[in-house]
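Step one of this worksheet: look at the structure below.
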Protein chains: 2
Amino acid sequence: MAAAAEAFMINGFAATSIDTVAEVLGCTKGRIYYQYKSKADLFFDVHREAMLMNLFAISNVAKGNASPLARLRKMIHAQVMVVITRLPFQRVSVQGVELHLSGSTTSKQREVLRTLMDLRDQYEKLFVDVIKEGIRIGELRPYDPNFVVKPLLGALNWMTYWYHPNRDETDQTRQQLADNMADVMLGGIIA
Amino acid sequence: MAAAAEAFMINGFAATSIDTVAEVLGCTKGRIYYQYKSKADLFFDVHREAMLMNLFAISNVAKGNASPLARLRKMIHAQVMVVITRLPFQRVSVQGVELHLSGSTTSKQREVLRTLMDLRDQYEKLFVDVIKEGIRIGELRPYDPNFVVKPLLGALNWMTYWYHPNRDETDQTRQQLADNMADVMLGGIIA
DNA sequence: GTCTATACTAGGATAGAC
DNA sequence: GTCTATCCTAGTATAGAC
């Protein structure tokens, strides 16, 4: 799956051949077809793995008992760290959004896609709920929570396109990046 | 080009066949191959058109003589309106970011891709410059302008995935959406 | 200019050896 | 379980009629 994620990251789902994935893995496609019925199934598995990473990274924080604003900050921070540390999977998960727009072939695949979208909805709902609570107690401005979550997740997802790991990066600079992202998203940029 | 944009929007570049584009256009692929040497060339043309729309929409505002903050607000507003009114082209332009990651075949195509990336850089620079100026005169917080532009453009680009035109939408609700986007991106969501 | 017909190939998927 | 060999479809691109 890591090999597939890497291959999909570089070329995208449609342009990646199973031969390429096999090459990254260091074997032939026989091995892959032994485990996965089709290329789509492989993609779905990578996609699910990515979504589970995300849920795992933020769900404990989301349900903690810090203030909503503090939790929201931690959630953003955690998500940035996941993107940094698991970039190939995260990029696949962003590709998944696009793929879902097009119609998948078999009805079985559509069902799988359905469960993936459910995971994505769950994930988004964790943010929405914390935002709602923050608004209720007056910590956050009273925008429509279902709206404000969009630019927020957009900024996070977009990271997969511009972030590139860097040699002279330390844990400290990574934390800094995550902090800055949270600062900008929560506090805006007006002085 | 509009037909191509629509087809690419629905299925993505790789999964869209020239036959499909022809069908949307209401002709056969002979006509398309008469005008475009290859599918990639068609995509590039749509992509360029989208980038030019963006530049056209914001460049006058960006170079106006209002305060940097006021200009930035207008730029965000204008870009949201472009996404709303020209969704297929805008989605293609977002796909273009991903496509550039993978290697295109011919050297000629790589050159075209290069000019497209230049357009994108110009576009980003318009934002960065206004942000820099805003920081200099103290209207904006002193974050790294090259960083803050990323979440900003991420939020805008991501719109192409969640925005869907709606029957009971009026010019007023569209303006409202653009305003809200600018509010959230500039002022944050902390109360 | 746009059509129909066709060549050509990449790549998904399967069969069967080991 | 993983390989090699092969089938077969989809889809890019071209040739040539009209």
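Letters go in sequence order (proteins before strands), and every chain restarts at 1. Computed from a prediction, not measured in an experiment: that's the story for all the values here. Any value given below was found using the heavy atoms of this structure, including those in side chains, with hydrogens, waters and symmetry copies removed.
- Look at B:Thr28 and you won't find any side-chain N or O under 4.0 angstrom from OP1 or OP2 of C:dT2.
- If you take CG of A:Asn11 and C1' of C:dA10, they are 14 Å apart, rounded to a whole angstrom.
- Judged purely by distance below 3.5 Å, without hydrogens or angles, the side chains of B:Asp45 and B:Tyr36 pair a donor atom with an acceptor atom.
- With hydrogens and angles ignored, the 3.5 Å screen pairs a side-chain donor or acceptor of A:Thr16 with a backbone N or O of A:Gly12.
- Computed from coordinates, the B:Phe43 CZ to D:dA13 P distance equals 14 Å when rounded to whole Å.
- Taking B:Ala155 as the reference, A:Pro151, B:Met185 meet the side-chain contact (heavy atoms from CB on, under 4.5 Å) condition, with sequence neighbours excluded.
- The salt bridge (charged side-chain N to carboxylate O under 4.0 Å, His left out) analysis of residues 130-148 of chain B, with sequence neighbours excluded, yields the pairs B:Arg71-B:Glu133.
- Rounded to whole Å, the distance from CD1 on A:Ile32 to P on D:dT4 is 13 Å.
- Taking 4.5 Å as the limit, some side-chain heavy atom of A:Asn54 sits within range of a side-chain heavy atom of A:Gln90.
- Between B:Trp158 and B:Tyr161, the ring planes are tilted. Angles from 30° to 60° get that label.
- When the P atom of C:dT4 is taken as reference, atom CZ of B:Arg31 falls 13 Å away, rounded to whole Å.
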Table of protein N/O atoms under 3.5 Å from nucleotides 12-18 of chain C N/O atoms:
unit_1: C:dG12; atom_1: OP1; unit_2: A:Thr16; atom_2: O; d: 3.3
unit_1: C:dG12; atom_1: OP1; unit_2: A:Lys39; atom_2: NZ; d: 3.0
unit_1: C:dG12; atom_1: OP2; unit_2: A:Ile18; atom_2: N; d: 2.8
unit_1: C:dG12; atom_1: N7; unit_2: A:Lys29; atom_2: NZ; d: 3.4
unit_1: C:dA13; atom_1: OP2; unit_2: A:Tyr33; atom_2: OH; d: 3.1
unit_1: C:dA13; atom_1: OP2; unit_2: A:Lys39; atom_2: N; d: 2.9
unit_1: C:dA13; atom_1: N6; unit_2: A:Lys29; atom_2: NZ; d: 2.8

